[in-house]
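Each remark here refers to the structure printed beneath this line.
Per chain, numbering begins at 1; letters A, B, ... match sequence-line order. All figures in this text were calculated on a predicted structure; none of them were measured in a lab. What you see below is based on every heavy atom in this structure, not just the backbone, and it leaves out hydrogens, waters and symmetry mates.
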Amino acid sequence: MEKKLSVMNYEEEGRVKSIEQDLKNKVAGMGIRVGKNLKMITKHPLKGPIVVEVDGSYTSLALSVADRIIMEVKR
Amino acid sequence: MKKILLMGNPNVGKSVFFNRLTGANVIESNYPGTTVDYAKGYMKGDSEDFEIIDVPGTFSLESKDKAEEVAVKMLEEEKGALVICVIDASKIERGLYLALEIIERGYPVVLALNMWDVAEDKNIQIDIEKLKSILNIPVVPTIAISGKGFKEVVLSLKKTASVRVNEITERVGEIK
């Protein structure tokens, strides 16, 4: 199933399916690229940033950035 | 005097590196974004002296905020500088991304795999010899808070030279 990274639930895991073109290089520096496995760790309230686990370490992303990353998640 | 830029992702220990190399005392903390401006210091090498600049942490050379802007601008202003790229050995992929961007711009780089102890604790194994032969630059495991690897980093400074990224790509291709 496909969903935006921004709407993933706590502890949910998935694989990055696509990233909007102009965002690709920005998030690549944080270790996020197509094919990577991510796990949702924290979603801050009031449209705050999210925290995901990638390669065993945590990275935070603005919600607006997470909105533009499409994930493939298991049901 | 030859200049050295200390660059790396946020929160990998650049400022601890800086303090150790120069004997200065800039503020260190355990969260990202502590250095938003830069600090300068001096270090005695074995044959020459160096000016060392502690650059704010950045994920890439396409700046997303003020601190990253400072980092990129500093790199661009110091054309003849050497770069010690400090990366977190336990988060090696994103560190290498930045390192390659710096190499791509033609700077001679020494790669310091910092937090080596943390990577060991997490059971992350890194083949340093292979990394060295692919990148063709000095690669040194370090633990900034204890000082491990610093002597080698300083000795490596005169061994590094700029490398062409397409040569690195070719060598990666050979491995597959």
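Between Tyr58(A) and Arg94(B) the shortest heavy-atom distance is O-NH2, 3.4 Å. The two residues Ala28(A) and Tyr97(B) come nearest to each other via the heavy atoms CB-CE1, 3.4 Å. Contact detail for Ser57(A) and Lys91(B): the closest heavy-atom pair is CB-CE, 3.2 Å.
Interface with chain B: from residues 35-45 of chain A, residues Lys36(A) qualify, criterion being any non-hydrogen pair under 4.5 Å.
Taking hydrophobic clusters as Ile, Leu, Val, Met, Phe, Trp and Tyr residues chained together by side-chain heavy-atom distances below 4.5 Å, Val118(B) does not share a cluster with Val139(B). Leu21(B) and Val12(B) fall within the same hydrophobic cluster, where Ile, Leu, Val, Met, Phe, Trp and Tyr residues are linked whenever their side-chain heavy atoms come under 4.5 Å apart, directly or through other members. Under the 4.5 Å side-chain contact rule for hydrophobic residues, Val51(A) and Met71(A) do not share a cluster. Taking hydrophobic clusters as Ile, Leu, Val, Met, Phe, Trp and Tyr residues chained together by side-chain heavy-atom distances below 4.5 Å, Val154(B) shares a cluster with Phe50(B). Under the 4.5 Å side-chain heavy-atom criterion for grouping Ile, Leu, Val, Met, Phe, Trp and Tyr, Val110(B) is not connected to Tyr42(B) through any hydrophobic cluster.
Around atom NZ of Lys4(A), no more than 12 heavy atoms belonging to other residues, nucleotides or ligands sit under 6.0 Å away. Atom NZ of Lys151(B) has 12 or fewer neighbouring heavy atoms from other residues, nucleotides or ligands inside a 6.0 Å radius.
In this structure, CG in Asp55(A) is found 5.5 Å from CD in Glu93(B), a value given to the nearest 0.5 Å.
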